[in-house]
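Quick caveat, the model's predicted, so the values are computed rather than measured.
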Amino acid sequence: MSTQKMTVLTKSRPGMAVEFERWYDEVHIPEILERYPEVVAVVRYRLTTTLNHQVEAPHESAAVYEVDGSAADLWQRLATDRSLTVGTGFDYKRTEVTFAS
C-alpha cells in the first residue's frame, strides 16, 4: 500500500485562536491517531505571513497527515464522522484540503 499526504489548511474563529490551538493539538490530533490507524503521523505548523500586501491571511495553520493508503478516502470518512470532538474555535468554512502521493 502506498503512503499519501493530506494537508489541511485551517483558521481559527475571530478571537478564538488559543482555544483552536489547544483543541487541535490536545484533542483533535490524538483523537485522529487513536481512531484512524491508517494515519501514521501528523505534523502541524503555524503559518505566518511576511509578504501579505496588507491582506488578511486565509489560513493560520497547516497540518500534514501521513496516510497509509488513500488520503482522499480518509478525508471523506473524516468529513462525515460525527463522533469526533468538535472544536469551537475552528472556522470550518475556511478549511482547505490537498492531497499528494
- request: Following the transitive rule for hydrophobic clusters with a side-chain heavy-atom cut-off under 4.5 Å over Ile, Leu, Val, Met, Phe, Trp and Tyr, establish whether Leu74 and Ile29 coincide in one cluster.
  value: yes

Summary of side chain to side chain donor-acceptor pair (under 3.5 Å) pairs that have at least one residue in residues 83-95, sequence neighbours excluded: Glu31-Thr85, Arg35-Ser83, Asp81-Ser83

- prompt: Side-chain heavy atoms under 4.5 angstrom apart, residues restricted to Ile, Leu, Val, Met, Phe, Trp, Tyr: same cluster for Met16 and Val8?
  reply: no

message: Could you work out, with ring-ring contact (aromatic ring centres under 6.0 Å, His included) as the rule, every residue matching Tyr36, not counting sequence neighbours?
response: none

field: Considering all heavy atoms, the nearest Ala17-Ser12 contact
entry: CA-OG, 3.6 Å

message: I'd like to check the salt bridge (charged side-chain N to carboxylate O under 4.0 Å, His left out) partners of Arg46; sequence neighbours left out, ordered by chain and number.
response: Glu21

field: Same apolar cluster: Leu33 and Tyr65, side chain cutoff 4.5 Å
entry: yes

query: Does Ala72 have any side chain to side chain contact (heavy atoms under 4.5 Å, CB included) partners at least two apart in sequence or in another chain, and if so, which?
result: Ser70, Phe99

field: Val86-Val18 co-clustered via ILVMFWY side chain contacts under 4.5 Å
entry: no

- request: Give a yes or no on whether Val27 and Phe20 share a hydrophobic cluster (residues Ile, Leu, Val, Met, Phe, Trp, Tyr; joining criterion: side-chain heavy atoms under 4.5 Å apart).
  value: yes

- request: Classify the ring geometry between Trp23 and Phe90 as parallel (under 30°), tilted (30 to 60°) or perpendicular (over 60°).
  value: tilted

query: Roughly how far, to the nearest 0.5 Å, is OH of Tyr24 from OG1 of Thr10?
result: 5.0 Å

Approximate separation, where rounding is to 0.5 Å, of Ser61 OG and Leu9 CG: 8.0 Å

message: Going by side-chain hydrogen bond (donor to acceptor under 3.5 Å, both in side chains), name the residues that satisfy it together with Glu19, two or more places apart in sequence or in a different chain.
response: Arg22

- request: Kindly write out the residues that satisfy ring-ring contact (aromatic ring centres under 6.0 Å, His included) with Trp75, not counting sequence neighbours, or none if the list is empty.
  value: none

statement: Residues passing the side-chain hydrogen bond (donor to acceptor under 3.5 Å, both in side chains) test with Glu66, sequence neighbours excluded, are none

- prompt: Taking all atoms of both residues into account, what is the closest heavy-atom pair of Thr7 and Ala62, and its distance?
  reply: CG2-CB, 4.5 Å

message: Rounded to the nearest 0.5 Å, what separates atom CG in Leu84 from atom CG in Leu78?
response: 6.5 Å

Criterion side chain to side chain contact (heavy atoms under 4.5 Å, CB included) on Arg77 and Glu38, from CA distance to verdict: CA-CA 12 Å; Arg77 291 179 28 235; Glu38 65 267 46; 2.5 Å; yes

